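Quick note: residue numbers are just sequence positions, from 1. Computed from a predicted structure; not experimentally measured.
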Amino acid sequence: MYFTDRGIEELVTRRGEEEVTVVWLAERLREFVDLNPDFETPVERLATWLARLDDEDD
C-alpha cells in the first residue's frame, strides 16, 4: 500500500457519496496549489493525466 492510499481511502470514506464537476475539482486543485506551491508539478501532472484519460495515443 502506498502512503497516498490512506488519503484516497479517507476521501472515499468522507466524500464518496458526493458528485462533483470537473470545474469544482479544478477549482480545488488551484486552491491547493495556491496554498502549497511546492506541489505545482505533481498537481499539473495529475490534471494532465486526468484530462487525457480517453486519448488513444497514451
Are L29 and I8 connected, step by step, through hydrophobic side chains (Ile, Leu, Val, Met, Phe, Trp, Tyr) whose heavy atoms are closer than 4.5 Å? no

Of all residues at least two apart in sequence or in a different chain, which pass the side chain to side chain donor-acceptor pair (under 3.5 Å) check with E18? R15

For the pair R28 and E31, find out whether any cationic side-chain nitrogen is under 4.0 Å from an anionic carboxylate oxygen. yes

Show me the donor-acceptor pairs, under 3.5 Å and distance only, between side chains in residues 36-45 and residues at least two apart or in other chains.
unit_1: N36; atom_1: ND2; unit_2: F32; atom_2: O; d: 3.0
unit_1: E44; atom_1: OE2; unit_2: T48; atom_2: OG1; d: 2.9

Residues in side chain to side chain donor-acceptor pair (under 3.5 Å) contact with R30, at least two apart in sequence or another chain: none

N/O donor to acceptor pairs below 3.5 angstrom from side-chain atoms of residues 19-27, sequence neighbours left out:
unit_1: T21; atom_1: OG1; unit_2: V23; atom_2: N; d: 3.4
unit_1: T21; atom_1: OG1; unit_2: W24; atom_2: N; d: 2.9

